[in-house]
Amino acid sequence: QVQLVESGGGLVQVGVSLRLSCAASGRTSYTMGWFRQVPGKEREFVAAIDRSGRRTAYADSVKDRFTISRDNAKNTVYLQMNSLKPEDTAVYYCAADLAVVILHITPDKYDYWGQGTQVTVSS
């Protein structure tokens, strides 16, 4: 079992950067993903990183602005968010995927989820 705890969210102005962290209770040698959700909408893929950190994937809406990374020694995955826009406002969730080969980008493929952290970008 894996417990995930997100942190780093907050209320920021347009253009500001934030770094979200996802701390795991155990090892971080799982595929990890970041998703976000706003009221009335489906959970949306943001970024994913494979177990080694070698492969990453990003949603088009955040490509070139967000960077996912991981530090397996610290059992932590990060989402660096730059040039934040109001459209980035959402609850951000990290998730762990037990798959060892495939880098999944859909929520239903992930096995463990954190509680989420709110990111609000004011215009």
Asks: Please confirm whether the backbone N or O of Gln115 pairs with a side-chain atom of Glu6, one donor and one acceptor, at under 3.5 Å?
Replies: yes
Asks: Establish whether Val2 and Ile49 are linked, either directly or via other cluster members, by ILVMFWY side-chain heavy-atom contacts under 4.5 Å.
Replies: yes
Asks: With His104, which of Thr31, Asp97, Asp50 fulfils side chain to side chain donor-acceptor pair (under 3.5 Å)?
Replies: Asp97
Asks: State the CZ-CG distance between Arg36 and Asp88, to the nearest 0.5 angstrom.
Replies: 5.0 Å
Asks: Name the orientation class of the two ring planes belonging to Phe45 and Phe35 (parallel below 30°, tilted from 30 to 60°, perpendicular beyond 60°).
Replies: perpendicular
Asks: Quick check on the hydrophobic clustering: are Val119 and Val16 connected, directly or via other members, by side-chain heavy-atom contacts under 4.5 Å?
Replies: yes
Asks: At their closest point, which heavy atom of Thr117 faces which heavy atom of Gly9, and how far apart are they?
Replies: OG1-N, 3.3 Å
Asks: Say whether Val62 and Ile105 are linked into one hydrophobic cluster, either directly or through other cluster members, by side-chain heavy-atom distances under 4.5 angstrom.
Replies: no
Asks: If two hydrophobic side chains count as joined below 4.5 Å and joins carry through other members, does Phe66 share a cluster with Leu103?
Replies: no
Asks: Going from OH on Tyr78 to SG on Cys94, what distance comes out if it is rounded to the nearest 0.5 angstrom?
Replies: 12.0 Å
Asks: As an exercise, state the distance from CD of Gln37 to OH of Tyr92, rounded to the nearest 0.5 Å.
Replies: 12.0 Å
Asks: For Pro107 and Trp113, work out which heavy atoms get closest and say how close.
Replies: O-CZ2, 3.4 Å
Asks: Rounded to the nearest 0.5 Å, what's the gap from CZ on Arg51 to CG on Leu98? Could you check?
Replies: 8.5 Å
Asks: Starting at NZ of Lys63, measure out to OG1 of Thr56 and round the result to the nearest 0.5 Å.
Replies: 9.5 Å
Asks: Answer yes or no: is there a donor N or O on one side and an acceptor on the other, between the side chain of Thr120 and the main chain of Thr89, under 3.5 Å?
Replies: no
Asks: So which heavy atom on Gly8 is nearest to which on Leu20, and how close?
Replies: C-CD2, 3.5 Å
Asks: Taking all non-hydrogen atoms of both residues, which atom of Ser83 and which atom of Ser17 are closest, and how far apart?
Replies: N-OG, 4.2 Å
Asks: List the steps, then state whether side-chain contact (heavy atoms from CB on, under 4.5 Å) holds for Glu87 with Ser61.
Replies: CA-CA 9 Å; Glu87 303 93 287; Ser61 59; over 6 Å; no
Asks: Search all heavy atoms of Thr76 against all heavy atoms of Ser21 and return the closest pair with its distance.
Replies: CG2-CB, 4.2 Å
Asks: Group every Ile, Leu, Val, Met, Phe, Trp and Tyr by side-chain heavy-atom contacts under 4.5 Å, then state whether Tyr110 and Tyr58 land in the same group.
Replies: no
Asks: Taking all non-hydrogen atoms of both residues into account, name the closest pair between Leu18 and Gly10 and its distance.
Replies: CD1-N, 4.2 Å
Asks: Pick one: which of Met81, Lys85, Gln80 meets side-chain contact (heavy atoms from CB on, under 4.5 Å) with Arg65?
Replies: Lys85
Asks: Out of curiosity, Arg55 CZ to Ile102 CD1, how far, rounded to the nearest 0.5 Å?
Replies: 9.0 Å
Asks: Is it true that Gln3 and Ser25 share a donor-acceptor pair across their side chains at a distance under 3.5 Å?
Replies: yes
Asks: Test side-chain contact (heavy atoms from CB on, under 4.5 Å) on Leu4 and Tyr93; report intermediate values, then the result.
Replies: CA-CA 9 Å; Leu4 305 173; Tyr93 300 89; over 6 Å; no
